[in-house]
There are 2 protein chains.
Amino acid sequence: MAGKADTRARILDIAEAAVLEKGFEATSIDEIVASAGISRGGFFYHFPDKNALARAMLERYIATEDKLYDDIFARARALDDDPLHAMLIGLKMLAEALENMPQGHPGCVIASTAYQDRLFDQGVRDLNRQAILGWRARFRAMFEEIESSYDLRETVDLDALGDMVSSVVEGGLVLQRALREHNAASQQIMLLRSYIKLLFAPRA
Amino acid sequence: MAGKADTRARILDIAEAAVLEKGFEATSIDEIVASAGISRGGFFYHFPDKNALARAMLERYIATEDKLYDDIFARARALDDDPLHAMLIGLKMLAEALENMPQGHPGCVIASTAYQDRLFDQGVRDLNRQAILGWRARFRAMFEEIESSYDLRETVDLDALGDMVSSVVEGGLVLQRALREHNAASQQIMLLRSYIKLLFAPRA
DNA sequence: GAATGTACTGGACTGTGAGTCCAGTTGTTG
DNA sequence: CAACAACTGGACTCACAGTCCAGTACATTC
């Protein structure tokens with residue numbers, strides 16, 4: 001029936017939807033193959049095991065998230081050339097984007113791999129780590145640029161501040177899932193925005 | 001060999017240590033019973049299924065966390081009667097407490113149950129939700145008291161601000177596990193502290 | 001001191017899901 | 001037409017959750 005290697009992408013789509021809804025462990029391979037209309041053998045042809053599936057999903061998610069950040073903060077910068085204002089606009093956009101993600105944000109994937117340690121192999125864990133380090137570097141650079149034209153009202157470690165974006169997104173998503181309040185994550189991002197706004201003062 | 005119903009507590013201790021290290025799903029009942037020196041039948045005598053174990057662990061964790069918050073913020077308040085200063089002292093203490101938790105903070109339990117939805121029953125999810133709502137109320141009350149003698153530099157929703165404590169703890173723990181940096185969570189708490197410090201201004 | 005209950009042991013059994021192996025089939029490409 | 005990629009289908013092993021139950025050691029109650 002199918003044609004080429006788009007089966008792999010279909011598996012990933014189906015797996016992602018299922019994992020977002022129920023969690024990784026609760027999603028069985030049987031279920032995925034049934035819903036994809038392929039055989040178990042077909043699944044294992046594309047992915048040697050469930051770890052490989054997790055890795056592929058993580059890779060896709062990280063790429064998506066990176067692109068989201070690229071787009072949002074580029075658009076924000078286009079709207080305002082001041083680095084602080086651009087950051088504040090970007091965070092607002094990020095909050096909106098989080099609110100408009102229908103059935104849960106893939107950020108889950110990060111948190112759930114972090115907490116299901118031994119279930120995943122080194123490759124998955126490394127990917128996770130690299131992604132977060134990448135976001136740290138990205139936001140750190142943005143904060144450094146802001147710092148070059150603003151004064152810090154409080155002494156803070158810029159790496160930790162860069163991490164705070166990931167941290168607030170992940171923490172907000174945990175709350176959102178646990179509370180079943182759809183806008184918890186975006187609210188938390190808005191609080192982070194409020195912090196950033198207060199943290200930087202126009203140079204004296 | 002054993003005496004009374006302390007077997008139940010021993011199971012919980014062992015399970016908690018294992019879950020903190022590897023995650024809930026990666027911890028098998030066989031492993032727990034082996035390490036507790038009891039039979040499988042013995043385990044199921046105390047817990048009808050793994051959900052009941054999860055529920056019991058969550059209950060214990062929530063009680064511990066509540067007590068930690070009670071202690072810390074009571075001690076902080078004893079050190080400074082001003083509600084803002086007490087909050088700042090408390091957050092510092094919380095950051096230190098997080099740093100001194102040897103093999104990972106049980107906050108994991110919250111995040112991991114949140115992300116493994118269908119694996120847990122309604123009881124577990126409700127418990128999780130109630131705990132977070134309890135912390136929201138606790139911190140909201142503290143922020144309200146601060147607000148009664150300070151001005152807010154930014155308009156913020158006090159529920160969201162109350163949630164921010166849980167959010168930053170959970171998000172920080174996700175980072176900490178993913179990055180394998182032992183002080184990530186405590187750093188994030190310190191940033192939250194810095195936000196609170198900036199957010200409230202002495203009444204004009 | 002017989003009866004009852006609690007806290008188990010030990011073992012057999014079912015079911016589900018991951019992962020392996022492999023022989024065979026279909027469509028595409030050189 | 002040969003070779004390869006992308007599968008199918010089925011048989012199999014293993015680990016783990018969960019069920020059922022008969023028996024046992026110990027303490028408490030009548």
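Below, read A as the first sequence line, B as the second, and so on, with proteins coming before strands; counting in each chain starts at 1. Being a predicted model, the structure only gives us computed values, none of them experimental.
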Mark up nucleotides 16-22 of chain C, 5' to 3', with B wherever a protein heavy atom is under 4.0 angstrom from a base atom, S wherever such an atom reaches only the sugar-phosphate, and - elsewhere. -SBBB--

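- The shortest distance between the side-chain N/O atoms of A/Tyr45 and the OP1/OP2 oxygens of D/dC7 is not below 4.0 Å.
- One interatomic measurement links the two molecules: CD1 of B/Ile32 to P of D/dC16, which rounds to 12 Å at whole-angstrom precision.
- In this structure, a donor-acceptor pair under 3.5 Å is absent between the side chains of B/Trp135 and B/Asp163.
- In terms of the ring-ring contact (aromatic ring centres under 6.0 Å, His included) criterion, residue partners of B/Tyr195 (sequence neighbours excluded) are, by chain and number, A/Tyr195.
- Of the inter-residue distances, the one linking B/Gln188 atom CD with B/Leu98 atom CG reads 11.0 Å to the nearest 0.5 angstrom.
- Ion pairing of B/Glu31 with B/Lys22 is present here, as a side-chain N (NZ or NE/NH1/NH2) and a carboxylate O approach within less than 4.0 Å.
- Using modelled atom types and a 3.5 Å distance limit, the side chains of A/Asp66 and A/Tyr61 yield no donor-acceptor pair.
- Between the P atom of D/dT19 and the CZ atom of B/Phe47 lies a distance of 15 Å, rounded to the nearest Å.
- Here the P atom of nucleotide C/dC8 and the CZ atom of B/Arg8 are 12 Å apart, to the nearest Å.
- A/His46 has a side-chain polar atom (N or O) that falls below the 4.0 Å cut-off from OP1 or OP2 of D/dC7.
- If you measure from atom CG of B/Leu119 to atom C1' of D/dG18, you get 14 Å, rounded to the nearest angstrom.
- With sequence neighbours excluded, the residues satisfying ring-ring contact (aromatic ring centres under 6.0 Å, His included) with A/Phe139 are A/Tyr69, A/Phe73.
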